A.B. asks: 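First the structure, which I've put down as structure tokens, then a few questions once you've had a look.
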Amino acid sequence: MHVRKHLTAAAAVLAAVWIGVAATSAGAAPSALHLLYANDPINGTIVRVDPSTGRASTYADCLPKRLVPMFGFSGGMDVAFVGNTAYALVTVVSDPLLGGNAPDGIYRIDGPHSCSLVADIGAWSAAHLPTGFPIALVTGVQYAMQPWRGGFLVTDGHHNRVLRVGLDGSVSELKGFGDVVPTGLAVHGNTIYIAEAGPIVGGSEIGKVVSIDANSGTVADVAASAPLMVDVEPGRGQTLFGLAQGTHSVGDPGSPADPNTGELLRVDGQGGFSVVATGLDRPTSLEIIGNTAYVVTLTGQIWVVDDIAAPPYGA
């Protein structure tokens, strides 16, 4: 295993806090180049990164911008593809507390300068507020999305639920939770994996990965615990990885973890994690291509972790 900040050339254009990353292949050939796509919420853009060189370019510049530049949970949060069409998740740009007027939800990327609203998640959320915990933002804080059954699954880390969103604009609650702060998610067959940042206990979040059976709705613990879990991603074979942002010494639950305390973790199959890499600087999201992990950081860098799994699932 080797950690390298190979894609720091992207930092100048990412300028990002709490961004999601997606991967896709250009062309149909088996050896086609994999590309990474990440949000720059401050500028309302999606950035395309060539992981082989670290070269970054603007893919689209039509999304609503972050309302307050230093406010981490606003603007573009995640990117996902359905076929060759890109979609972006945008949050906290309409909440009355911050004075925004652009819809929160999923946008389809129609071209470099053209984005269309597919689903207004903020309006639906404000009209269907959960109960059982304090709510400051009625539109919620949607964190991540994943293509699923002709639409998307979306986590809301403030309203503590997973939403099902259709390409026809429909929104419904798939699963509600207590105050666990669901963040990243992944799908494998009928199993949905959710990263939970977790409640603050003794000054630090106690995060974990859980699974949801899409047929029964049953929730089960997969692995625990880790400080401030922000993403989960399958690797080769049956491997599953989690991303922990790190130790959280600041009292504000909405603040990021301490610098250089993040970890890339592998689910060990026995209810816990094994450590793959440490010392990551406030990671926010994870993408795995082959046996390599790409980790987006709060500072707008993409870190590369090679050889994350040993044979038979690794190279």
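What you see is a predicted model; the values in this text were computed from it and never measured. Atoms considered below: every heavy atom in the structure, side chains included; atoms not considered: hydrogens, waters and symmetry mates. Along the sequence shown, residues are numbered consecutively beginning with 1.
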A.B. asks: Using a 4.5 Å cut-off on heavy atoms from C-beta on, say whether the side chain of Glu196 contacts that of Val181.
C.D. replies: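 In short, these two side chains do not touch, never coming nearer than 4.5 Å.
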A.B. asks: Using modelled atom types and a 3.5 Å cut-off, is there a donor and acceptor pairing between side-chain atoms of Asn291 and backbone atoms of Ala309?
C.D. replies: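 Yes, the answer is positive, given that a donor and an acceptor are paired below the 3.5 Å cut-off.
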A.B. asks: Which atom pair, heavy atoms only, marks the closest approach of Val171 to Trp124?
C.D. replies: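 That would be O-NE1, 3.1 Å.
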A.B. asks: Is there a donor-acceptor contact under 3.5 Å from the side chain of Thr261 to the main chain of Asp258?
C.D. replies: yes
A.B. asks: Which heavy-atom pair separates Gly242 from Met229 by the least distance, and what is that distance?
C.D. replies: CA-CE, 3.7 Å
A.B. asks: Do the side chain of Thr155 and the main chain of Ala144 share a donor and acceptor less than 3.5 angstrom apart?
C.D. replies: yes
A.B. asks: Are Tyr143 and Val210 linked, directly or through intermediate hydrophobic residues, by side-chain heavy-atom contacts shorter than 4.5 Å (ILVMFWY only)?
C.D. replies: no
A.B. asks: Taking Val267's backbone N and O only, do any of them form a donor-acceptor pair with Gln270's side chain (distance below 3.5 Å, no angle check)?
C.D. replies: no
A.B. asks: Trp148, Val219: one ILVMFWY side-chain cluster at the under-4.5 Å cut-off?
C.D. replies: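 Yes, Trp148 connects to Val219 through the hydrophobic network.
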A.B. asks: At their closest point, which heavy atom of Gly140 faces which heavy atom of Thr91, and how far apart are they?
C.D. replies: O-OG1, 3.7 Å
A.B. asks: Under 3.5 Å, is there a donor-acceptor pair between the side chain of Ser74 and the main chain of Leu67?
C.D. replies: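 Yes, the answer is positive, given that a donor and an acceptor are paired below the 3.5 Å cut-off.
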A.B. asks: Establish whether Ile288 and Trp303 are linked, either directly or via other cluster members, by ILVMFWY side-chain heavy-atom contacts under 4.5 Å.
C.D. replies: yes
A.B. asks: Do Asp104 and Ser94 have a side chain donor and acceptor closer than 3.5 Å?
C.D. replies: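 A donor-acceptor contact under 3.5 Å links the two side chains.
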A.B. asks: Side chains of Ile135 and His158, heavy atoms from C-beta outward: is any pair under 4.5 Å?
C.D. replies: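 The answer is yes; the side chains approach within 4.5 Å.
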A.B. asks: If you look at every heavy atom in Asp231 and Leu185, which pair is closest and at what distance?
C.D. replies: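 Minimum heavy-atom separation between Asp231 and Leu185: OD1-N, 4.0 Å.
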A.B. asks: Minimum heavy-atom separation for Asp110 to Cys115, with atom names?
C.D. replies: OD2-C, 4.1 Å
A.B. asks: In Å and rounded to the nearest 0.5 Å, what is the OG to CZ distance from Ser57 to Arg48?
C.D. replies: 4.5 Å
A.B. asks: Is the shortest heavy-atom distance from the side chain of Thr297 to the side chain of Arg282 under 4.5 Å?
C.D. replies: no
A.B. asks: Can any side-chain N or O of Asp120 pair as donor or acceptor with the backbone N or O of Ala123 at less than 3.5 Å?
C.D. replies: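 Checked: pair present.
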A.B. asks: Mind checking whether Pro41 and Lys65 have side chains closer than 4.5 Å, heavy atoms only?
C.D. replies: no
A.B. asks: What verdict does the side chain to side chain contact (heavy atoms under 4.5 Å, CB included) test give for Arg149 and Arg164, after you've listed the backbone C-alpha separation in whole Å, the side-chain angles of each residue and the deciding distance to 0.1 Å?
C.D. replies: CA-CA 9 Å; Arg149 296 184 178 179; Arg164 184 173 184 178; 3.7 Å; yes
A.B. asks: Taking Ile46's backbone N and O only, do any of them form a donor-acceptor pair with Asp40's side chain (distance below 3.5 Å, no angle check)?
C.D. replies: no
A.B. asks: Just so I know, are the side chains of Tyr193 and Val222 near enough to count as touching, which here means a heavy-atom distance under 4.5 Å?
C.D. replies: yes
A.B. asks: With no hydrogens and no angle check, is any side-chain donor or acceptor of His188 less than 3.5 Å from a backbone partner on Pro234?
C.D. replies: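 No, His188 side chain to Pro234 backbone: no donor-acceptor pair under 3.5 Å.
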A.B. asks: Is the distance between the ring centroids of Tyr87 and Phe152 under 6.0 Å?
C.D. replies: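 Between Phe152 and Tyr87, which both carry aromatic rings, the centre distance is below 6.0 Å.
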A.B. asks: Indicate yes or no: at least one non-hydrogen side-chain atom of Thr292 is less than 4.5 angstrom from one of Val305.
C.D. replies: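 Of all side-chain heavy-atom pairs linking Val305 with Thr292, none is under 4.5 Å.
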A.B. asks: Between Tyr59 and Leu35, does a side chain to side chain contact (heavy atoms under 4.5 Å, CB included) hold up when you go through it step by step?
C.D. replies: CA-CA 11 Å; Tyr59 177 72; Leu35 299 172; over 6 Å; no
A.B. asks: As a quick check of understanding, evaluate side chain to side chain contact (heavy atoms under 4.5 Å, CB included) for Ser125 and Gln142, giving each step before the final call.
C.D. replies: CA-CA 10 Å; Ser125 297; Gln142 292 79 44; 3.8 Å; yes
A.B. asks: Do Leu36 and Glu287 touch side chain to side chain, with heavy atoms closer than 4.5 Å?
C.D. replies: yes
A.B. asks: Which residue in the set Val209, Leu286, Leu265 passes side-chain contact (heavy atoms from CB on, under 4.5 Å) when paired with Phe241?
C.D. replies: Leu286
A.B. asks: Are Leu228 and Phe133 in one and the same hydrophobic cluster, where Ile, Leu, Val, Met, Phe, Trp and Tyr link if side-chain heavy atoms are under 4.5 Å apart?
C.D. replies: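 No, because Leu228 and Phe133 fall into different hydrophobic clusters, even though each may have its own neighbours under 4.5 Å.
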A.B. asks: Let me check something: do Ile308 and Leu243 share a hydrophobic cluster, defined by ILVMFWY side-chain heavy atoms less than 4.5 Å apart, either directly or through other members?
C.D. replies: yes
A.B. asks: Heavy atoms, side chains only, cut-off 4.5 Å: are Thr218 and Ile212 in contact?
C.D. replies: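 No, every pair of side-chain atoms sits at 4.5 Å or beyond.
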A.B. asks: Once you round to the nearest 0.5 Å, how far does CG of Leu89 lie from CD1 of Ile106?
C.D. replies: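 That separation rounds to 6.0 Å.
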A.B. asks: Given Asp268 and Arg266, is the salt bridge (charged side-chain N to carboxylate O under 4.0 Å, His left out) satisfied, shown in steps?
C.D. replies: CA-CA 6 Å; Asp268 64 12; Arg266 178 176 171 176; over 6 Å; no
A.B. asks: Working to the nearest 0.5 angstrom, can you tell me the gap between Ser172 OG and Leu163 CG?
C.D. replies: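 It comes to 7.5 Å.
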A.B. asks: Where is the tightest heavy-atom contact between Ala186 and Gln146, given as atom of each residue plus distance?
C.D. replies: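 Residues Ala186 and Gln146, closest heavy atoms: CA-NE2, 4.1 Å.
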A.B. asks: If only side-chain N and O atoms count, and only distance matters, is there a donor-acceptor pair under 3.5 Å linking His113 with Asp61?
C.D. replies: yes
A.B. asks: I'd like to know if the side chain of Thr183 reaches the main chain of Ala195, judged simply by a donor and an acceptor atom lying under 3.5 Å from each other, with no hydrogens or angles considered.
C.D. replies: yes
A.B. asks: Quick check on side-chain contact (heavy atoms from CB on, under 4.5 Å): which of Asn43, Thr45, Val79, Asn39 does Leu63 satisfy it with?
C.D. replies: Asn39
A.B. asks: So, does Thr53 use its side chain to make a donor-acceptor pair with the main chain of Arg55 at under 3.5 Å?
C.D. replies: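 Looks like yes, one N/O pair under 3.5 Å.
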